*Asks:* 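Before I ask anything, let me first share the structure, which is written out below as structure tokens.
Just so it is clear, the structure is predicted and the values come from calculations on it, not from any experiment. Letters A, B, ... mirror the listed sequences (proteins, then strands); counts begin at 1. Atom set for the values below is all heavy atoms of this structure, side chains included, hydrogens, waters and symmetry mates excluded.
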Amino acid sequence: MKSAFNLRTIVVALVVAGLVLLPVYSALTGKVFILTMFTRIIILALAAASLNLIMGYGGMMSFGHAAYLGIGGYAVGILAFEGIGSGFIQWPVALIASALFALVIGALSLRTRGVYFIMITLAFAQMAYYIASSLSRYGADDGLTIYKRSNFGGLIDLSNRTQFYYVCLACLLGGIYLIWRIVNSRFGLVVQGVRSNEQRMQAIGFHANRYRLVCFVISGTICGLAGALLANNTDFVSPAVMYWTRSGDLMVMVILGGMGTLFGPVIGAIVFLLLEELLSQITEYWAMIMGPLLLLIVLFARGGIMGLLARFSRG
Amino acid sequence: MAEHLLRVENLMRRFGGLVATDNLSLEVVTGELHAIIGPNGAGKTTLISQLTGQLMPNSGAIHFAGQDITTLPSYKRSGLGLARSFQITSLLRDFTAADNVALAAQAHAGHSYRFWGNARKEAPLREAAHAALARVGLAKRADVPVSELSHGEQRELELAVALATKPKLLLLDEPMAGLGVTESQRMVALLKELRKEVTIVLVEHDMEAVFALADRITVLVYGRVIACGKPDEIRNNDEVKRAYLGDQHAVTRHG
Ligand SMILES: Nc1ncnc2c1ncn2[C@@H]1O[C@H](COP(=O)(O)OP(=O)(O)O)[C@@H](O)[C@H]1O
Ligand SMILES: [Mg+2]
């Protein structure tokens with residue numbers, strides 16, 4: 001147990017150190033693309049980490065998490081389009097809009113369990129997708145170009161690649177720190193208790209669904225931040241970011257990295273997106289390799305990569 | 001006349017065509033140990049579940065501590081001081097014994113919308129947990145995950161969890177189910193201690209234990225109360241003998 005913990009810690013420490021030093025490597029070698037690629041990876045890792053809070057710790061298999069990527073993104077895009085460029089307005093709006101969406105969706109879908117919960121969260125995300133597709137003022141199907149990134153005065157310049165990278169990394173690490181605190185707090189223990197045995201938690205005095213709902217809202221809010229970052233990263237937002245396949249990708253990242261582990265979603269996002277990148281360079285049929293490959297990892301490494309690391313070091 | 005802590009009136013619960021609780025009325029007096037016996041399928045667990053709110057009755061009323069709780073959800077009943085143990089062990093399997101009990105204490109010590117501080121480092125909760133664990137003889141097993149506890153230890157943990165909610169009324173659904181002889185004796189000794197502090201409703205098949213512990217006994221058959229009274233009255237009740245005790249030689253032997 002002790003050594004398992006150590007191997008995992010070493011891998012996580014190496015990954016974090018690698019992410020912190022990546023811009024240096026990129027600058028020294030002049031490989032700009034690697035910085036761009038990892039900016040995207042980090043943003044989606046934040047989205048996956050937020051999904052892990054409800055999926056891994058809360059046992060809520062949401063199949064509609066990409067909706068918040070879209071809501072956060074559209075909040076930034078629409079405000080920018082309407083001439084409000086300040087990040088101090090855009091980002092809070094992105095968070096609040098995501099929180100409200102999560103509150104409504106959560107209140108309705110948390111009445112159900114299991115497959116029904118998966119289907120209903122999927123349905124709501126698809127609804128958000130179709131609503132975005134019908135916003136003719138904001139590009140409808142074609143999406144909305146963001147001509148200027150969120151403006152934070154003289155504080156930070158998001159148009160600077162390196163600065164933007166570090167902003168994203170700070171959001172990811174800050175998000176994981178927040179999740180770590182939550183998971184070990186009173187609230188976090190209740191949520192994990194409900195995942196483990198809802199009937200028992202009710203019987204000892206907890207209003208299980210209310211805790212679930214609050215957790216659902218926190219998770220959606222964090223993912224809304226990822227959405228705001230993603231829109232800034234691509235200078236563009238379109239309904240495609242909320243399409244159900246994107247929600248599926250996020251789920252796979254979480255399962256691949258290891259549900260209910262702090263850094264699992266980060267590792268999962270890195271491996272998933274790097275694989276996607278590599279395979280798509282080799283063949284246009286990359287999805288046909290990627291699918292079975294992921295299936296194998298998920299089947300043979302229960303607990304994902306984090307679980308695998310734990311098993312290896314136990315020998 | 002002693003006051004009634006729990007009063008059940010004309011409770012009905014059907015499962016499809018089956019009447020599991022049939023116009024059942026029952027009173028539990030403050031301070032007593034009230035046993036409920038009856039053959040398998042008599043509706044004992046169904047009754048307990050309606051008392052704690054896991055199941056809702058089709059009709060009838062439940063009053064607890066002077067309040068109508070018939071439609072109250074289970075988490076609110078827990079807040080009023082109703083606690084149960086489950087016949088089929090129901091614990092948080094991926095948590096330690098101490099975590100299970102500490103969570104029960106946490107549910108009754110302020111709200112849990114606290115997102116920052118480490119709950120496992122809250123001394124009052126940990127102390128309450130260890131006190132309850134010590135009570136049932138599990139002090140040394142505090143940090144063992146539930147999935148690694150023996151069946152007997154899990155039964156004891158069920159009880160510790162219920163105790164940690166500081167109940168006014170403890171509803172125990174076959175706490176001795178599946179226990180060995182020595183474990184059963186330990187449980188009986190423990191219940192003898194607990195009954196001094198808290199009102200208890202005990203569902204149990206072990207007749208020796210029931211007749212040794214109970215102030216009053218209610219006999220349930222097909223969801224109906226066929227008798228209620230002191231152990232001696234029940235032992236000598238003809239209808240009880242015919243319907244239930246007749247084929248249970250254990251009782252005549254111990255009686
Ligand atoms: N959830 C349920 N659905 C259908 N029938 C049930 C359910 N729970 C209990 N029953 C039936 O109700 C009757 C009483 O069951 P139960 O309360 O478990 O009895 P006891 O605890 O006295 O053995 C049994 O006939 C049982 O099959
Ligand atoms: Mg039963």
*Asks:* What residue, out of B:K76, B:K121, B:E158, B:R93, has the most heavy-atom pairs lying under 4.5 Å from chain A?
*Replies:* B:E158
*Asks:* Going by residue number, which parts of residues 126-137 of chain B are within reach of chain A, meaning a heavy-atom gap below 4.5 Å?
*Replies:* none
*Asks:* Under a 4.5 Å heavy-atom cut-off, does chain B meet the side chain of A:R210, its backbone, both or neither?
*Replies:* both
*Asks:* Can you say whether B:F95 sits under 4.5 Å from chain A via the side chain, the backbone, both, or neither, judging by heavy atoms?
*Replies:*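 For B:F95, the contact with chain A is made by the side chain alone.
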*Asks:* In this structure, is the centre-to-centre distance between the rings of A:Y177 and B:W116 below 6.0 Å?
*Replies:* yes
*Asks:* Using heavy-atom distances under 4.5 Å, tell me whether B:Q106 contacts chain A through its side chain, its backbone, both, or neither.
*Replies:* both
*Asks:* What part of B:A104 lies closer than 4.5 angstrom to a heavy atom of chain A: side chain, backbone, both or neither?
*Replies:*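 Contact with chain A involves both backbone and side-chain atoms of B:A104.
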*Asks:* Quick one: which of B:A109, B:P167, B:A105 has the most heavy-atom pairs under 4.5 Å with chain A, could you say?
*Replies:*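 Top option by heavy-atom pairs under 4.5 Å: B:A109.
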*Asks:* Got more than 12 heavy atoms from elsewhere within 6.0 Å of CD1, B:I88?
*Replies:* no
*Asks:* Looking at A:I120, A:V104, A:I118, A:L213, which one forms a side chain to side chain contact (heavy atoms under 4.5 Å, CB included) with A:S109?
*Replies:* A:I120
*Asks:* Measure the OG-CG distance between A:S196 and A:L189 for me, rounded to the nearest 0.5 Å.
*Replies:* 11.5 Å
*Asks:* Between A:R212 and A:E198, is there a salt bridge with N-O shorter than 4.0 Å?
*Replies:* yes
*Asks:* Contact part of A:V214 toward chain B, heavy-atom cut-off under 4.5 Å: side chain, backbone, both or neither?
*Replies:* side chain
*Asks:* Among B:P73, B:G79, B:G53, B:G117, who wins on heavy-atom pairs under 4.5 Å with chain A?
*Replies:*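 Sorted descending by pairs with chain A, the first entry is B:G117.
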*Asks:* Salt-bridge test for B:R155 and B:E183: reply yes if a basic N is under 4.0 Å from a carboxylate O, no otherwise.
*Replies:*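 Looking at B:R155 and B:E183, the cut-off is not met.
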*Asks:* Using a strict 4.0 Å threshold on nitrogen-to-oxygen distance, state whether B:D173 and B:K44 make a salt bridge.
*Replies:* no
*Asks:* Between chain A and each of B:A107, B:A164, B:A102, count heavy-atom pairs under 4.5 Å; write down the option with the most.
*Replies:*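 Maximum pair count with chain A is reached by B:A107.
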*Asks:* What residue, out of B:R77, B:R84, B:H111, has the most heavy-atom pairs lying under 4.5 Å from chain A?
*Replies:* B:H111
*Asks:* Would you mind checking if B:E156 and B:R141 are paired as a salt bridge, meaning a charged N to carboxylate O distance below 4.0 Å?
*Replies:*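 So B:R141 does not pair with B:E156 through a salt bridge.
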*Asks:* Find out whether B:V144 and B:E153 are in side-chain contact, i.e. whether some heavy atom of one side chain is under 4.5 Å from a heavy atom of the other.
*Replies:* no
*Asks:* I want to check something: taking the side chain as every heavy atom from C-beta on, are B:I37 and B:L220 in contact at a cut-off of under 4.5 Å?
*Replies:* no
*Asks:* Is the closest basic N to carboxylate O distance between B:R195 and B:E32 below 4.0 Å?
*Replies:* no
*Asks:* Over 60° means perpendicular and under 30° means parallel, so tell me whether A:F187 and B:F115 are parallel, tilted or perpendicular.
*Replies:* tilted
*Asks:* With respect to chain A, which residue among B:D94, B:N100, B:T165 yields the maximal number of heavy-atom pairs within a distance under 4.5 Å?
*Replies:* B:D94
*Asks:* Using non-hydrogen atoms only, which part of B:T52 is less than 4.5 Å away from chain A: side chain, backbone, both, or neither?
*Replies:*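 No part of B:T52 comes within 4.5 Å of chain A.
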*Asks:* Heavy-atom distances under 4.5 Å only: say whether B:L125 touches chain A with side chain, backbone, both or neither.
*Replies:*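 Only the side chain of B:L125 comes within 4.5 Å of chain A.
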